[in-house]
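This report refers to the structure that appears directly beneath it.
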Amino acid sequence: MSHVDSWDYKPELARLHGRPFDLADGKNFFSGKAGNYTKSFWEFRQHGECGRWMSSLFPRLSQCVDDMAFIHSMQSKTALHGPAMFMMNSGFILPGFPAMGAWVTYGLGSENENLPAFVVLPDPRGLPPGGVINWGAGFLPAVHQGTVLETAAGRDPIADLFPATQAAPVAGEGRDFLQSLNQSHLARRAGNSELEARISAYELAARLQLSAPEVTELRGETAATRRLYQLEDPDAGPFGRQCLLARRLVERGVRFVQIYCGAENTTAKKDPAQLGLA
């Protein structure tokens, strides 16, 4: 949704409502013909001790404004969706730079060694414009890239986390032996951050077999909590599930959790394997 319909109060826009868009002012528009200025369709008023202006779209969220951070200094150098997503996540319109989550975990580390430090919860309908690059580590060690968790109800949190056949779990001595082989392999390829990340990912995967099902299992939540997040609502439910999962991850020490709402047209409604979830 537009920022001018949410919490970016524009009294000047209301004053100019209905007037023709004046190109002589140095403003421009993305496509089509210039029309008239249009104010927000929702009334704005101030909330909280901070006096934050917010539209009537958020009657409940407006009660929490004193506990929220609003960043109004952000601006983009592009109107294209993909580059704008890169700009939002990394500060650059070109891909290949570390996402904010990667920087945070690089600087602060993790508080839970059994869960990833940087978790991404995409919209069940697909990935955002730009895809998985949005949570990449760029030139930082690859271990700091985001880990995607499936948010759709009824799906495993991570595809292929468990073997198709119920093989016996690798015992402690077996894991230690595998680790020694991996470290020997890595020693001959010093400085290969992608190899280091892959080894770390496999080690984390073993721990995730225990931690991921627990953190994503919502059946233990109370009926009151389920109502608060509107999990049964056909429209709000999927997003509510993302928010509840994010809360549970943060409560368990995950350093950085990023929720995406909305999907890029060409990725929506595709198979999870095509979305980087498998």
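In the model, Asp5 has no side-chain atom that pairs as donor or acceptor with a side-chain atom of Ser55 under 3.5 Å. Counting only N and O atoms by type, the side chains of Arg247 and Tyr229 include a donor and acceptor under 3.5 Å apart.
Put simply, Val104 and Met88 are part of the same group of oily side chains (I, L, V, M, F, W, Y) that touch within less than 4.5 Å, one to the next. The cluster map of Ile, Leu, Val, Met, Phe, Trp and Tyr, joined by side-chain heavy atoms under 4.5 Å apart, puts Ile71 and Met85 in the same cluster. Ile259 is connected to Leu244 through a chain of hydrophobic side-chain contacts under 4.5 Å among Ile, Leu, Val, Met, Phe, Trp and Tyr, so both are in one cluster. Both Val65 and Leu57 are members of a single hydrophobic cluster when ILVMFWY side chains are connected at heavy-atom separations under 4.5 Å. Grouping the Ile, Leu, Val, Met, Phe, Trp and Tyr side chains by contacts below 4.5 angstrom, directly or via other members, places Phe41 apart from Phe44.
The minimum heavy-atom distance between Met54 and Leu61, with the atom names listed, is SD-C, 4.2 Å. Heavy-atom minimum distance, Pro124 versus Pro238: CG-CB, 4.2 Å. Here the shortest heavy-atom pairing between Gly96 and Ile133 reads N-CG2, 4.2 Å. Nearest heavy-atom pair, Ala99 versus Trp135, reported as atom, atom and distance to 0.1 Å: CB-CA, 3.8 Å. Taking each heavy atom of Lys10 and His3 in turn, the nearest pair found is CE-CE1, 4.2 Å. Between Asn134 and Pro129, the shortest heavy-atom contact is ND2-O, 2.9 Å.
Remark: the backbone N or O of Pro122 is paired with a side-chain donor or acceptor of Thr151 at under 3.5 angstrom. When atom types are taken as modelled, the side chain of Asn112 and the backbone of Ala117 share no donor-acceptor pair closer than 3.5 angstrom. Panel note: side chain Gln242, backbone Tyr260; a donor-acceptor pair is recorded below 3.5 Å. Within the 3.5 Å criterion, the main-chain N or O of Gly109 finds a donor-acceptor partner in the side chain of Arg255. Formation of a donor-acceptor pair under 3.5 Å by the Ser90 side chain with backbone atoms of Met87 is not found in this model. A donor-acceptor distance shorter than 3.5 angstrom exists from the side chain of Asp66 to the backbone of Cys50, with no hydrogens or angles considered. With hydrogens and angles ignored, the 3.5 Å screen pairs no side-chain donor or acceptor of Asp123 with any backbone N or O of Cys261. In this structure, His17 contributes its side chain and Lys39 its backbone to a donor-acceptor pair below 3.5 Å. Using modelled atom types, no side-chain atom of Arg15 and backbone atom of Pro11 make a donor-acceptor pair closer than 3.5 Å. No donor-acceptor pair under 3.5 Å is formed between the side chain of Arg227 and the backbone N or O of Glu232.
Atom CZ of Arg241 sits about 10.5 Å away from atom CD of Glu221, to the nearest 0.5 Å. Remark: Glu12 CD to Tyr37 OH distance equals 8.5 Å, nearest 0.5 Å. Summarising the geometry, atom NZ belonging to Lys77 is positioned 9.5 Å from atom CG belonging to Leu94; distances are rounded to the nearest 0.5 Å. In this structure, Cys64 SG and His47 NE2 are separated by 11.0 Å, a value rounded to the nearest 0.5 Å. To the nearest 0.5 Å, atom CZ of residue Phe97 and atom CZ of residue Phe92 are 4.5 Å apart. For the atom pair CG (Leu13) and OG1 (Thr38), the distance works out to 7.5 Å, reported to the nearest 0.5 Å.
Shown here is Met100, whose CE atom has no more than 12 heavy atoms of other residues, nucleotides or ligands within 6.0 Å. Counting heavy-atom neighbours within 6.0 Å of Glu251 CD, excluding the residue itself, gives a total above 12.
Checked against Gln258 for a side chain to side chain contact (heavy atoms under 4.5 Å, CB included), the options Leu121, Val119, Asn89 give a single hit: Asn89.
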Verdict with reasoning, Arg252 to Glu111, per salt bridge (charged side-chain N to carboxylate O under 4.0 Å, His left out): CA-CA 8 Å; Arg252 286 157 179 78; Glu111 293 185 332; over 6 Å; no

Where do Leu149 and Leu249 land on the side-chain contact (heavy atoms from CB on, under 4.5 Å) test, with the steps shown first? CA-CA 11 Å; Leu149 290 189; Leu249 288 163; 4.1 Å; yes

Could you give me the CA-CA distance, side-chain angles and deciding distance for Leu245 and Val215, then say whether side-chain contact (heavy atoms from CB on, under 4.5 Å) is met? CA-CA 7 Å; Leu245 285 172; Val215 74; over 6 Å; no

Kindly indicate, with the supporting measurements, whether the criterion side-chain contact (heavy atoms from CB on, under 4.5 Å) is fulfilled by Thr147 and Val120. CA-CA 6 Å; Thr147 297; Val120 178; over 6 Å; no

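Ring geometry for Trp7 against Phe58 counts as tilted: the plane angle lies between 30° and 60°, on a 0 to 90° scale. Note on ring orientation: taking the six-membered ring where Trp is involved, the planes of Trp103 and Tyr106 are perpendicular (angle over 60°, cut-offs 30° and 60°).
Looking at Leu218 and Arg226, their side chains come closer than 4.5 Å, going by heavy atoms from C-beta outward.
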